[in-house]
Amino acid sequence: MYRTHTCGELRLSDAGKTVTLSGWVQRVRNLGGMTFIDLRDRYGITQLVVNNEDDNALSRQVKELGREYVVQVTGKVTGRSSKNTKIPTGEIEIILESCKVLNSADLPPFTIEDETDGGEELRMKYRYLDLRRNPARKALELRHKMALEVRKYLSDQNFIEIETPMLMKSTPEGARDFVVPSRLNPGQFYALPQSPQVFKQLLMVAGYDRYFQIVKCFRDEDFRADRQPEFTQIDCEMSFVNQEDILKTFEGLTKHLFKSVKNIDITGDFPRMPYADAMKYYGTDKPDIRFGMRFVDITEVASGKGFKVFDDAAYIGAICAGNCAKYSRKELDQLTDFVKRPQIGAKGLVYVKYNEDGTFKTSVDKFFGEDDFKQWCEMCNARPGDLLLILAGNKDKTLKALGELRLEMGNRLGLREKNKFAPLWVVDFPLLEWDDDTQRYYAMHHPFTSPKEEDIELLDSDPGVVRANAYDLVINGVEIGGGSIRIHNDVLQQKMFKVLGFTEEEAENQFGFLMNAFKYGAPPHGGVAFGFDRWVSLFAGMDSIREVIAFPKNNAGRDIMNDAPSPISKKQLDELMIELKGEAKKNVL
């Protein structure tokens with residue numbers, strides 16, 4: 001046996017016991033007469049002590065220990081004269097009697113401590129070392145606990161966990177598929193699932209009325225902090241339910257996770273916000289409602305006054321930043337630079353300071369008078385001491401830019417506290433979105449999303465205004481997940497395919513197996529899928545989901561630890577009957 005206790009287990013009540021610990025050397029401190037060693041494992045840190053004068057052989061041995069050496073030690077537990085209240089084992093130390101080096105270690109490329117000196121790329125390259133750090137360990141423990149609580153709650157609600165295939169048919173609607181060549185079927189390919197969507201609907205046809213799965217999904221899309229090529233969903237589906245049933249069920253799951261994991265009680269029903277209002281007042285379909293600063297449309301009162309920027313704009317929107325009239329010119333210039341960044345896309349920023357004395361200081365006083373500024377402030381519920389920030393231009397682009405500016409102001413004013421949570425449902429999404437390049441409609445969610453019953457007749461005459469029976473759970477401006485009531489009627493599904501531009505042959509080729517199943521009695525059903533990585537990172541207070549995934553990819557979709565993706569041999573390509581073209585030929589091993 002390598003240990004009798006872990007490095008986070010011993011307390012003052014264990015004083016006098018002779019124990020054996022195993023772990024990694026965090027640090028060695030030689031203070032002349034005494035040598036102190038911090039020994040670490042997954043459970044914590046225990047201090048070891050060697051009296052250099054009492055045992056010269058042992059003291060010489062421990063002086064040779066380096067960071068991250070793996071050792072087994074035996075000694076007696078005693079109370080510390082100088083207690084460390086910052087760690088659970090801080091009241092005791094081990095008077096060392098023996099030390100055995102189980103494995104030596106090279107000096108690690110960064111310090112394995114809470115506040116490390118390693119940048120993200122370096123830490124991800126040596127992720128197996130990074131995972132020894134407390135923040136990484138706590139993130140994975142949080143992930144484990146949340147998964148347990150998800151399974152507990154859903155199992156208590158009569159859901160059954162069922163695995164679905166990882167190799168499936170390619171259905172390239174939405175994000176790109178990752179495709180897998182089939183050696184046994186030359187020239188044919190599997191796809192890795194973007195979600196188990198069709199399988200969970202088939203499970204509803206099969207009579208499994210409450211299904212869930214914590215499942216890996218794959219999407220070949222551009223990456224950012226909250227995206228990975230492979231990610232984890234809490235995937236759920238229910239039969240004989242309407243939208244209200246689903247929202248209530250998964251409000252329950254959300255409240256259960258907050259209580260069991262964060263010890264936070266969330267009471268009452270979650271707010272419901274129509275998609276149209278989310279865009280109108282926040283410029284996004286995932287609004288952060290921890291703070292106000294809603295948009296005010298001042299287009300009618302601000303245009304036509306000779307200021308060309310406003311006169312030529314389709315939309316003029318304002319937000320009110322409370323108690324910010326004192327902002328300096330430098331701070332206002334910083335905000336202007338922020339909105340002019342390429343990823344924001346605004347051409348400039350107009351401000352109106354509503355000074356404490358009731359006067360106004362603005363960037364456009366050549367074109368507008370005091371009555372205009374007073375009217376804008378009244379529309380925005382601004383008070384003396386507040387600051388109006390105004391953007392103008394194309395409506396969709398300006399709404400998006402104003403949304404980014406609102407979040408930036410929320411950050412600057414400390415209104416986006418990580419320990420404050422504000423969940424809501426965004427509902428009544430458009431069913432379809434138009435693409436100018438291809439001149440066709442695409443499903444905003446997926447082709448199986450049911451339209452609102454009262455909007456079905458508009459599919460023929462005005463499909464662009466049809467609302468979906470769909471919903472997203474948003475917490476603190478993060479889209480945690482979403483879903484919809486599904487189409488379970490094959491006639492309506494065929495109509496949906498037609499609106500999306502599928503020929504009968506294309507619909508049969510991609511989704512024939514599902515449509516065939518619907519002929520055998522598909523129940524009304526609907527579901528939801530939550531981004532598990534996002535949910536864990538939200539609870540952990542981290543901005544990137546990479547920090548809560550054991551072995552993540554970087555922003556280029558690469559695993560820099562094991563150098564994937566990587567070339568394969570010509571023999572493998574030949575077996576798969578694949579020939580590379582152009583520059584890709586150079587990658588053949």
Side-chain angles (χ1 to χ4, degrees), residues 268-303 310 313-325 327 331-332 335-336 338-339 344-346 348-354 360 362-364 372-418 420-430 467 471-480:
D269 294 337
F270 293 178
R272 313 277 177 91
M273 183 181 298
Y275 169 88
D277 284 354
M279 299 305 296
K280 178 179 180 180
Y281 295 120
Y282 300 95
T284 177
D285 59 3
K286 45 181 184 292
D288 185 346
I289 59 170
R290 284 175 292 180
F291 63 103
M293 227 179 291
R294 299 204 318 176
F295 303 174
V296 177
D297 184 348
I298 62 170
T299 308
E300 287 191 13
V301 299
S303 60
F310 282 6
Y315 172 81
I316 307 168
I319 58 174
C320 177
N323 298 313
C324 291
Y327 263 35
E331 288 173 307
L332 291 168
L335 290 176
T336 302
F338 173 81
V339 299
I344 308 290
L349 173 69
V350 172
Y351 68 85
V352 177
K353 291 184 178 184
Y354 191 179
F360 300 97
T362 85
S363 53
V364 289
D372 295 308
F373 302 137
K374 188 173 183 179
Q375 183 181 21
W376 300 355
C377 287
E378 287 175 352
M379 293 176 67
C380 296
N381 292 319
R383 299 177 179 180
D386 292 348
L387 171 70
L388 297 191
L389 300 171
I390 304 169
L391 298 180
N394 171 277
K395 185 171 184 177
D396 290 341
K397 291 181 179 178
T398 304
L399 285 170
K400 180 179 180 298
L402 199 57
E404 295 292 339
L405 177 60
R406 174 181 177 270
L407 294 179
E408 174 67 13
M409 291 304 299
N411 288 331
R412 288 179 178 231
L413 297 174
L415 302 175
R416 306 183 72 194
E417 301 174 37
K418 288 191 174 180
K420 179 181 177 182
F421 298 94
L424 81 153
W425 292 105
V426 177
V427 297
D428 295 348
F429 284 82
R467 295 168 300 158
Y471 33 83
D472 279 358
L473 176 65
V474 177
I475 305 176
N476 294 3
V478 178
E479 179 194 328
I480 295 298

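For the single chain, residues carry numbers from 1 onward in sequence order.
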Query raised in the report: Checking Thr336 side chain against Leu349 main chain: does a donor-acceptor pair fall under 3.5 Å?
Result: no
Query raised in the report: In Å, rounded to the nearest 0.5 Å, how long is the span from CG of Leu415 to CG of Leu407?
Result: 11.0 Å
Query raised in the report: By side-chain contact (heavy atoms from CB on, under 4.5 Å), which residues pair with Thr362, not counting sequence neighbours?
Result: Val352, Phe360, Val364, Asp365, Phe373
Side-chain donor-acceptor pairs under 3.5 Å in residues 269-279, sequence neighbours left out?
from: Asp269; atom 1: OD1; to: Lys248; atom 2: NZ; distance (Å): 2.9
from: Asp269; atom 1: OD2; to: Lys248; atom 2: NZ; distance (Å): 3.3
from: Arg272; atom 1: NH1; to: Glu244; atom 2: OE1; distance (Å): 3.1
from: Arg272; atom 1: NH2; to: Glu244; atom 2: OE2; distance (Å): 3.0

Report task. Hey, could you give me the CG/CZ distance between Leu405 and Phe295, rounded to the nearest 0.5 Å? Result -> 8.0 Å
Query raised in the report: Asp285: what forms a side chain to side chain donor-acceptor pair (under 3.5 Å) with it, not counting sequence neighbours?
Result: none
Query - Any donor-acceptor N/O pair, Asn476 side chain to Ala422 backbone, under 3.5 Å - result: yes
Requested in this report: Evaluate the side-chain contact (heavy atoms from CB on, under 4.5 Å) criterion for residues Leu413 and Cys324: first the C-alpha distance (whole Å), next the side-chain angles of each, then the deciding distance (0.1 Å), finally the verdict.
Outcome: CA-CA 9 Å; Leu413 297 174; Cys324 291; 3.6 Å; yes
Requested in this report: Quick one: closest heavy-atom pair of Cys320 and Met293, and the distance?
Outcome: O-CG, 3.2 Å
**Report entry** Residue pairs involving residues 405-414 (criterion salt bridge (Lys or Arg N to Asp or Glu O under 4.0 Å); sequence neighbours excluded)
**Finding:** Glu408-Arg412
Query raised in the report: Any side-chain heavy atom of Val350 sitting closer than 4.5 Å to one from Phe310?
Result: yes
Query - Distance (rounded to the nearest 0.5 Å) between Thr398 OG1 and Ile344 CD1 - result: 12.0 Å
Requested in this report: Measure across Ile316 and Ala302 and return the closest heavy-atom pair with its distance rounded to 0.1 Å.
Outcome: CD1-CB, 3.9 Å
Query raised in the report: What are the two closest non-hydrogen atoms of Pro423 and Ile289, and how far apart are they?
Result: O-CD1, 4.2 Å
Requested in this report: Could you pull out all residues at least two apart from Lys280 that satisfy side chain to side chain donor-acceptor pair (under 3.5 Å)?
Outcome: none
Query raised in the report: Who passes side chain to side chain donor-acceptor pair (under 3.5 Å) against Glu417, sequence neighbours left out?
Result: none
Requested in this report: Tell me, please, which residues at least two apart from Glu331 pass salt bridge (charged side-chain N to carboxylate O under 4.0 Å, His left out).
Outcome: none
Report summary line: Nearest heavy-atom approach of Tyr327 to Met409 is OH-CE, 3.6 Å
Query raised in the report: Once you round to the nearest 0.5 Å, how far does CG of Leu473 lie from CD1 of Ile480?
Result: 6.5 Å
Side-chain atoms of residues 377-391: list all donor-acceptor pairs with protein atoms under 3.5 Å, sequence neighbours left out, distances to 0.1 Å.
from: Asp386; atom 1: OD1; to: Asn323; atom 2: N; distance (Å): 2.8
from: Asp386; atom 1: OD2; to: Arg383; atom 2: N; distance (Å): 2.8

Query raised in the report: Would you say the side chain of Asp472 lies within less than 4.5 Å of the side chain of Trp425, judging by non-hydrogen atoms?
Result: no
Report task. Sequence neighbours left out, what pairs pass side chain to side chain donor-acceptor pair (under 3.5 Å) with at least one residue falling in residues 288-299? Result -> Asp288-Arg290, Asp288-Arg416, Asp297-Thr299
